[in-house]
Amino acid sequence: MNDALPLPGFEGLTTAEEPRTTRRGPTAEELLEGLNGPQAEAVRHAGPPLLVVAGAGSGKTRVLTRRIAWLISERKAHPGSILAITFTNKAAAEMKERVAELVGGRAKIMWVSTFHSSCVRILRKEADHLGYERLKSNFSIYDAQDQKRLITLVCNDLDLDPRRYQPGPVLHWISNHKNELREPDEVAADARNGIEESYAAAYKLYQRRLREANALDFDDLIMETVRLFQLHPEIRETYRRRFRHVLVDEYQDTNHAQYSFIHQLCGQSLEETDEDRVEPAELMVVGDADQSIYAFRGADIRNIMDFEQDFPDARTIMLEQNYRSTQTILTAANTVIGNNQGRKEKRLWSDAGDGDKIVGYVADTEHDEARFVSSEIDKLTDGGLKAGDVAVFYRTNAQSRVFEEIFIRTGMPYKVVGGVRFYERREVRDALAYLRMLVNPDDQVSLRRILNTPKRGIGDRAVECINELANREQVTFWEALQRASEAPGLATRSQTNIEGFVAMVTELQSMVAAGERPDVVLETVLDRSGYLKSLEESDDPQDETRVENLGELVAVAREFAEDPVAGPSADPSDVDAGLVEPGLGDFLERVALVADADQIPDAPDDDPDAPPDQGVVTLMTLHTAKGLEFPAVFLTGLEDGVFPHSRSLGDRPELEEERRLAYVGITRARQRLYVSRAVVRSAWGAPAHNPASRFLGELPIDLVDWRRTEADQARWSRPTFASDSGSSYGAQSGRGLGTPNAAGRRNFTSAAARADAAAKAKPAREIPVLEPGDRVTHDTFGLGTVVSVEGQGDKSVAKIDFGSDGEKRLLLRYAPVEKL
DNA sequence: TTAGGCTCCATTTTT
DNA sequence: TGGAGCCTAA
């Protein structure tokens, strides 16, 4: 067994300084203790690639950590030969910690991180081969916001009609191609029509601009690493030699590029003739196709479905025993997910007993729903549960507001996970943009962002002139700024302002060059740029919290400067090996890769006002909830158009992804599950009327205890409406789906509630039976032609082309549509 | 060039 | 409902 080989090419990484006094590792018995058959088998497995199909709550994290410990202490694997890839930085930190508990400090040397972090480390190390001269020390990593700014510039330069080519779709298109590892030229050659040509042109220029800015976006991090491996087999072999054990968590969420990365390391060697060829690393992937909820960002469920074909001698182990939830909850989850087609059957079971029934509630409005949730939480906490045991899930971040309002009113401590994250706040991004352009002046996006922030009299006109100079002289934007006097048509006033700016930046850069600590640089920047002052002098009350946030950012930087190894996603192995001396660039890299809500010391929210030991109620989106569990879970907003989201209605794959999301939500609950919906929900101003989510109908009827149903709702709601909210329900959109345009709204003369009840029990109006090609008329959109029809009865949804108004997807039960 | 008022627009999910 | 971008006046 070659597990104990030294690490060729990584001589710097030895375990020599590792404390030899570490207690003896755990025994085999200890490592297998408490595991069931399949779990133990996965831990002990050796040899061929292994797929562990891990149902929700089946203890996969435990299996992963035990296996890593097993590799180290039983199979004598060098910890440095282990590469474990997790989905979030948080998961990585936890895993590392838990392995360290088992085998001691040796665990530090493992690579445990996300795909992105791993790739950054490889790129840094191998930067010389990539042809970006300065890549090694100071490239910027562009996140979605930066990408958006850049693509806007690009589309501008290409004179693309901004209405037709919006940043979002263009970026999405580019991202898809990057994930498929397709270069711009390749894509351009395949373009079939004008639109695709424009997209390809945008891709090409975008990529060029990235390069000029010494920047990589998130997709590049993976793509460039794979390309590096493909172009330089000798580098790939180095890593193949180093990483003898590769473990991938959440495999169902990998995209094609990530799959290729894994394949480079663990596939059969490509050059069969190569004498040096290295046996592929031992691979274990863990995942659950039913929990794949990231297709929208390129995750390819086929990666896990086809694992056995991709790795021919692979073995599969199924973990179906659930240690988390009651049988009631599991049965519900199984039934719902059973509606998806083409999945591999898997039945979770539990010996925890049936437990309580699922509680259902139909609310009048979203406020009513929030009240219900709040009062139930009160009952639960009275009954001995802690606030921290409770979570409220919703589909979109915007839905958190009603809950926050009621929790504030009732004094229930809570925290919202996700939402506008710390690193996405404007002031934080501004500050980071300053730092980024100091480290990497070619970073045009950052530079432009802060050029006139705070206002220093360098407006659009001036930027335009500089840009022109840059293009004419073929120099970077920063170089052009330094030569502002040569810019054609630049006002003297602007020129003076620019010179002042350049002087300030130059001075700050010398600080960075001198190796000043990140926190010191940051504080100086905030001071010298006048940014802090402009906030302090502002009378906008929001700016007060902005100042506080900047203080927080300085604190983060200080913490990093003092102890770069501590904190989230620390990768001490490089630090230990002296490969990294933490400076401003490393701080920025860390921040770019860790833009994750729960990593942020948002302690002010968490600690002070929380009653000791009680914790706080957690509010989050279903996506954020993946991987977590709570004794009591509220699944809210179960309405067609909200969850499943309106954009997924009528598209089978997307709808199935929504269903997997429901599955994820349900299986987060340990003991108690609540499902609720609101008949009327205010979305962007006007109240909208949503039918019950189809997922509610998929729950086994005898498992749900309906506290309040639509029938109750119809019976009781009118007085509620009159006393509760009087005025606001006069005019309502009659359409639950489609675009709730302000124009032509249809009045519900009676309470919306009654209309819904009537529509549900016995349609108030005949539902028109439509076929593709039928001509129809709509109260708002006028004449249209039916494109397609899905679903039946009161669930049927028609896609109708209204000419200039575009195509709409309408739920026929509500849509004011008549067949002609 | 900027500030302030205005309209209009939009709402998935994120490493 | 709110935020972001546009236009106008100074």
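Note on naming: letters A, B, ... go to the chains in the order of the sequence lines (proteins, then strands), and numbering restarts at 1 for each one. For the numbers below, each heavy atom of this structure counts, side chains included, while hydrogens, waters and symmetry mates do not.
Ring planes of A:Phe630 and A:Phe393: perpendicular class, angle over 60° (limits at 30 and 60°). Ring orientation note: the planes of A:His623 and A:Phe296 are nearly perpendicular, at an angle over 60° on the 30°/60° scale. Taking the six-membered ring where tryptophan is involved, the planes of A:Phe560 and A:Phe587 are tilted, since the angle between them lies from 30° to 60°.
Regarding A:Leu171, its CG atom lies at a distance of 17 Å from the P atom of B:dT15, rounded to whole Å. Between the CD atom of A:Gln166 and the P atom of B:dA10 there is a distance of 7 Å, given to the nearest Å. Look at OH on A:Tyr394: it is 18 Å from P on B:dT11, rounded to the nearest Å. Taking atom CG of A:Leu649 as the reference point, atom C1' of B:dT12 lies 12 Å away to the nearest angstrom. Note: CZ (A:Arg401) to C1' (C:dG3) measures 12 Å, nearest angstrom. B:dT13 atom P lies 20 Å from atom CD of A:Glu250, rounded to whole Å.
Proximity of A:Ser117 to the phosphate of B:dT15: no side-chain N or O atom is located under 4.0 Å from OP1 or OP2. Distances shorter than 4.0 Å separate none of the side-chain N or O atoms of A:Asn397 from OP1 or OP2 on B:dT12. At B:dT12, none of the side-chain N or O atoms of A:Arg395 fall inside 4.0 Å of OP1 or OP2 (strictly under the cut-off). For B:dT14, the OP1/OP2 oxygens have a side-chain nitrogen or oxygen of A:Thr621 closer than 4.0 Å. Close to B:dT2, at under 4.0 Å from its OP1 or OP2, lies a side-chain N or O of A:Asn452.
A:Phe115 comes within 4.0 angstrom of no nucleic acid atom, judged by non-hydrogen atoms across all strands. Among the heavy atoms of the strands, none lies under 4.0 Å from A:Ser648. Looking at heavy-atom distances under 4.0 Å, A:Arg493 makes no contact with the nucleic acid at all. Residue-level contact check: A:Ala144 touches neither bases nor backbone, having no heavy atom under 4.0 Å from any strand.
Considering A:Asp443, A:Asp219, A:Asp220, A:Asp217 in turn, A:Asp443 is the only one that fulfils the side chain to side chain donor-acceptor pair (under 3.5 Å) rule with A:Tyr142.
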